[in-house]
Every structure is written in C-alpha cells, then in structure tokens.
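Reminder, nothing fancy here: chain letters follow the sequence lines and each chain counts from 1. In what follows, every heavy atom counts, from backbone to side chain, and hydrogens, waters and symmetry copies are set aside.
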2 protein chains.
Amino acid sequence: MLIDKNSPIPQYFQFQTWLVDQIEQGIFKPNDKIPTEDEFMQMSGLARSTIRQAIQNLVVQGYLTRKRRLGTFVTIPPSVSGRSNIIGILVHDIRSGYAPEFLRGAGDEASKNHYSIILSNTDDLFSRAEFHTNRLIDHGVKGIIFMPTAASVEKNSQLLERFRRRSIPVVTVDRIIPGVKVDSITTDNFFGAYELTSHLIQEGHTRIAITLSTRVSSEMQRLEGYKKALSDHNIPIDSTLIITNQERFIETHYLQYAKFILSQREKFTAIVAGSDRIAYIIYTVADEMGIRIPEDISMVGYDDLVLHNTHPLALTTVHQPIYEMGQEAMKILLDRIDGKDFELKNIVLQSKLIVRGSVLPPGKST
Amino acid sequence: MLIDKNSPIPQYFQFQTWLVDQIEQGIFKPNDKIPTEDEFMQMSGLARSTIRQAIQNLVVQGYLTRKRRLGTFVTIPPSVSGRSNIIGILVHDIRSGYAPEFLRGAGDEASKNHYSIILSNTDDLFSRAEFHTNRLIDHGVKGIIFMPTAASVEKNSQLLERFRRRSIPVVTVDRIIPGVKVDSITTDNFFGAYELTSHLIQEGHTRIAITLSTRVSSEMQRLEGYKKALSDHNIPIDSTLIITNQERFIETHYLQYAKFILSQREKFTAIVAGSDRIAYIIYTVADEMGIRIPEDISMVGYDDLVLHNTHPLALTTVHQPIYEMGQEAMKILLDRIDGKDFELKNIVLQSKLIVRGSVLPPGKST
DNA sequence: TTTATATAATTGTACGTACAATTAAATAAT
DNA sequence: ATTATTTAATTGTACGTACAATTATATAAA
C-alpha cells in the first residue's frame, strides 16, 4: 500500500481505493476480518481518523461491516437480484387463528435483520400459491417461507422446484412435504396428539373419536400420534371412530361433520378435535343437541389460540409455539441467505399439553 | 435544539435526529440552505467534527447536499421511479381479530392488479411504525395503507409527511388523524354505536355503561354515537358510566377494567363493550362473579368476528365490513398511484347492527 | 467596460488526544 | 460444572487544531 501525501487525490480516498481493490481482487475475502484501525495506521502512516473515514465510506457502500471489539469484516456480496432484502411468506389461510402470531414472529425476526416481508395469502389453493410464487420471484425476494397448501406432494414440490432453480432458499413450515429435501419447521404434532390421547386414556377413556383432515401432513401426524397412544395402551383402533375428510377448512362443512359425529355419540366417550376451532364448533352443535361437554362427552382440541380463551369451555388442548416457529423459520432462512452451509434442517418444536377442564372420566354423567 | 450531553444517545445522533425532524416538518424546506457548520457549532455547543458526522450521514441518506463555499442544502426528494409494484401496509396489531380479514381484502385486490403487499406490524407503537416507514420507503413502495398508531396526531402526521415528501400516496384506514388531509376509509363508528345504544334503549335500558379506549379516533366516535343516542332519547349522560382508558389493548389490563366495571353493577343494566373481544372478557369475568349475561346485565359488542361465533353467548354487536374496507382502501390507493386526480376521499363504510341474544329488557332477572 | 486578482465564506482533508461502550475470552467464585 | 466477574481488544463518540480547496463577490487593473 502506498499513500502519496503530495497527490491531489485525498489520502483517505487513496486508502479507500486500495482497500476496495484488495476486496475486489479477493485478497480480503468475504467474512474475512481485515486489519484493525491501529494496524492500518502503522501500515499506512495515516491517522486513525483518516483510516476511519475510508472504512466508514466502505461500510456505507456495503463492502464492510464492523463490530465493536470484534473487528471489521468483508461482507458477502449481495446476490444478483439487487439488494431488495425482502422475504416472501406464503400462508395458506390468513384467517386461521395462528397466522397472525406466526407472521408476528417471522416479521419481528425479519425486522431485526433489516428484511421486510411480502405477505401472500393462498387460501390453501394451489392455483393461488402458484400465482403468488411467480410474483415473488419477479419481486426478487431473497427467500421464501412456505406453508404448503393442501395440494398433492407433486404440486407442492413443483413450486419448490421453481425456487430451487433460481437458488432462492425456502423454509417450509407447519406442514412438511414428504420426501422433499428442504429446510422445515413444524411442531411436534405426533407427540402432541399422543399426549392428548394418552391424557384421555389416563382419565379412563377407551372409546375415543378423532376428527381431522387427512390432506395435510400436520393432521396426518396427529392421527399417527393418536393411534400410537391407543396401541401403547392396548386399546384396539376402531376405524369407525376416525372421521377424516379431505377438504380445506370450510365452516359449514364442519358443522355437518360435527352433527354426523355427535349422532354416533353412543360409540365413544371422548373426542379429539383436529383443532380448537373445530372443537368449539362441535361444542356449539353439541349444545344445540342437548349434549353437555365435558359432562356427557369429553373433548380435547389443538392449537391453544389466545382469541378463544374467553370461551366458557376451558378446553384441554395442545399449545403450539407459533411465534417461535415464525422466528425460527426466519432465522434459518436468513442463515441460508447468508450462505451458511449447514446441513438440511428439519426442526420440530415441542408442543405442550395444556390441561384445562374439558375432560372428565367417562360415565360421570350427572 | 437541545443536546443532552449525558444521554446515552450519541450527541451526533441527537443532532442528526433533530435535523431530520426539521426537514420532515418542513422547517427546512427543499432547496433551502441550512445553517453552516460554524453556526450549528454555536447553536448546539458541539464540536465541528461532531456536526460534520451528523451532516455527512444525512448526505448519505439523501436528505442534504453540500457545496464548498456555498453551504448545505435540503435535497428535493426523488420521485419514486422503481418498478416495484409493492404496497406497504402498516397494521397496528396483527393479532387483533380483524387484521387478517383486512389483509385478505387488501391482498386480494392488490393481486388482482398485480401488486404485492409488504406487511409491517407496528404493535401500535409509534417507534416501530417509524422504523417500518423508513424501510418501506427504502423498498420503493408505490403506496401505503396506514392504520394510524395510538400515538399523537403530531407523530402520525409526521409519518405521513415523510411519504408526502416523496410523493408516495397514502390511505389511512380504521382510524383517522384529525385535521390531516389524506384519503381515508373508516367504518361508521358513530352510527354503529348510535344504533347499538338505541337498540338497548328500545329494549328498555336507560342506565347504560360503556367501556372503550379514548386513544384512537374510532373508539372516540363510538363514544359520540353512544352519547347522541342517549340525548336523542332524553336520557341524561352519566359520566361515571363512561369507563375509558388510554392504553393499547393489553389483555390483563382489560380483566381489571372488567372487574372494576362489574363491581358497580347496580349502577347500570347494560354494557356497551368497546369490542367483541372486550365483551367476551367481561362475560368471562361476570361468569366468575356469578353475574349472568344477558339475564342480569345486557351487553353488546363491536366487530362481529367470525372466530368468536362459537361462543355460547350470542352477542348482539355491529358488523364491520372489514374485508371490504381492505378492498376499498387498496382500490383508492391504486387509483392514486395511477394518477387519478380525484378530490380527497374520506369514505365511511356502513356498519350493520347484528341483533343476537345478549340483550334482554332490564329487570327480567329470573 | 472588461478582465484579472484578491478576499472571505464555507466545506474538505488530515492530524491528534481522550475516553466510552461492547463483548469474547480468561479468570474467579460457587 | 456452572455461573459470575474481570480483562483486554476493538470500534464508537467527542473534542480539538490546522490548513486546503472551492467559488461568489468585491476590488483592482487593463
């Protein structure tokens, strides 16, 4: 490095130019720590403030980042698509109780890292997911958080493939796409349902109905947890008590299911509902039919939504760490964007059984 | 200008913030010459290098340009020319029951016109709104849908001023900022509350309590509607029945309010709750206290949230066309972006009284 | 009147000193 | 083994001095 004190070119600029050259030529590589201000002073003979001036300029220009006590580092060159710093989030139903909490978690984490989020609501329809996919790519998003739609594995992977071709990192959340290698975050649906069901069994129930949608992996896993709990307790699985459907959530349909299920009330003493929302629908229908919950039939839900905590039925349910799921998904995605080359992550967050008052031992009808 | 030498906030930053404020508030206007470094030194008592540091930052940020010997000038904000097709939406609480529905309405309308939305959640905090404001501008959004935070009129208008300076159209929704000329969409909070209250009066109630937050215009208007209904029916307004607070929604606080309100149950026969959510909180607390709703006390809510429709209390409430509000806000905004030069629009969408079962004539206690 | 030159105002460059804040790593305490 | 405390390295903030470069305006020279 040679600084010409007599040149009309300012010395800070000479130094700055030299430093950029070092970076451009790869002598200082991305993530490298460059010499400290003190070292540069000795190397160049310039004053610290002059060195600082040059370095500050390069920080502004995006070549360097600095951390107190740690030093100054060469930044990773932003990927081709400009410096948009936008993450796309495809949610399958913004009206579902947990979408807001998830978005809050993901949004807070994004903000912390100076990213913004583009929100795309798919209404759980593949066609809309496909539409938004194209738009997100057009906008040059840096990464995608994807809640798979209730479509086939093939169709969901087709969307992922589009991102993969453009090297846009993706993290799938809530549901997984079986067999597809992609970072994912889910909650432990299997164990959550296992605990729920075991709880019912411990309270003395053996004839336990379950209702859920088989279209999405999360609810499939809950079904498996339910089955495992039964077989672990040597209770035969009665397939007539497993009331599944293939549809996305439509309220009126679930009113029908609820009626259908309750019409067979003599076959079971407890119900595992696919979600809190469904549990409350069943409760409402039961009430109309003169069936009391939990006195006549015990019931458990899944989700533990805050918005429902004023309901007089204190529902025993499973709490899912939704905010944390949003946070964690964003963290992993940003790490990927930063090029951190860890192995595939399939994180399963712990859920927690919340025992309230919607379960009583069977036959305690008053 | 006051610089606090003992503040943990760096002095250069205090000065820089002050200077930005002057510009944002229009005290220093575009093309104005601002004071010289020397003058600022005398004004602030800071060293020249400190002043320079602040000014340099603002040059980088695009607020100022400097010319040797001539001085420092406020720049004319560049008109956004990017081809981003992104709309920023600042929501004040994504967890509130109606945010998802609003986002769906706005999102669907945006999609239809090939726009995407960047979602920014402010948690009703001005500081976060300010932060996101800058980010949205950086992203080159074409327009903004803004739910004003529960901050002062001055602070909210300050945010609007930033957009105005850059000719970014804004539509405010849900709440209005009094005295500020900006397109807005609200629902008819006044008439909604008027109808609610009138309904209670028609059922025979005269002593009607109301609880809401006075921090936001929407709830202030509801209070006015309540008052008007009373005076139109020649019922004196009892200020002890108006239980207001200045806080943003925090659940535990509202549990306190509910207890406080219900402790005075002999003073009234009906309650107008600020929202459905608050109504259900009151219901829960009432239940614990052995007070039956509607048998002992009638109650009405506000919002008509779908997620609550499984609650056994069939709440008489006011339905707000939230989806339509989102749609309409987006339509107006896109028109503005397309340069349609209509006059200022302050649209008020009709709300609708939904009579369910939470109101009984007073004194019908069984 | 025109042209060259000096003047003064203002920002730009460069040096230097001193202490504060942050935080990874080392050390001590439990 | 864990937790709390200290330390030391590095950048951050703030002060200050001195002189250079730029350039509109005033002044002097042609």
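- Within 4.0 Å (heavy atoms only), A:Ser49 reaches at least one base atom of the nucleic acid.
- Residues passing the side-chain hydrogen bond (donor to acceptor under 3.5 Å, both in side chains) test with B:Asn156, sequence neighbours excluded: B:Thr149.
- The stretch residues 2-13 of chain A participates, sequence neighbours left out, in no salt bridge (charged side-chain N to carboxylate O under 4.0 Å, His left out) pair at all.
- Nearer to the 5' terminus of DNA chain C, by closest-nucleotide assignment, is the contact made by B:Thr36 (compared with the other of A:Arg68 and B:Thr36).
- Among residues two or more places apart in sequence or in another chain, the salt bridge (charged side-chain N to carboxylate O under 4.0 Å, His left out) test is passed with A:Lys228 by A:Asp232.
- Comparing B:Ile51 and A:Lys67 along DNA chain D, the residue whose closest nucleotide (by nearest heavy atom) sits nearer the 5' end is A:Lys67.
- Each of B:Lys33 and A:Ile9 was assigned the nucleotide of DNA chain C with the nearest heavy atom; the assignment lying further toward the 5' end belongs to B:Lys33.
- Annotation: salt bridge (charged side-chain N to carboxylate O under 4.0 Å, His left out) contacts involving residues 151-161 of chain B, sequence neighbours excluded, comprise B:Glu161-B:Arg164.
- Heavy-atom contacts of chain A under 4.0 Å fall on DNA chain C between two terminal nucleotides, which in 5' to 3' order are C:dT13 to C:dA24.
- Residue pairs meeting the salt bridge (charged side-chain N to carboxylate O under 4.0 Å, His left out) criterion with at least one partner in residues 34-48 of chain B, sequence neighbours excluded, are B:Glu37-B:Arg48, B:Glu37-B:Arg52, B:Glu37-B:Arg66.
- The distance between the ring centers of B:Phe146 and B:Phe163 does not fall below 6.0 angstrom.
- Along DNA chain D, the nucleotide nearest B:Lys5 and the nucleotide nearest B:Arg48 are compared for position; the residue whose nucleotide lies closer to the 5' end is B:Lys5.
- Using a 4.0 Å heavy-atom distance criterion, A:Phe13 is classed as making no nucleic acid contact.
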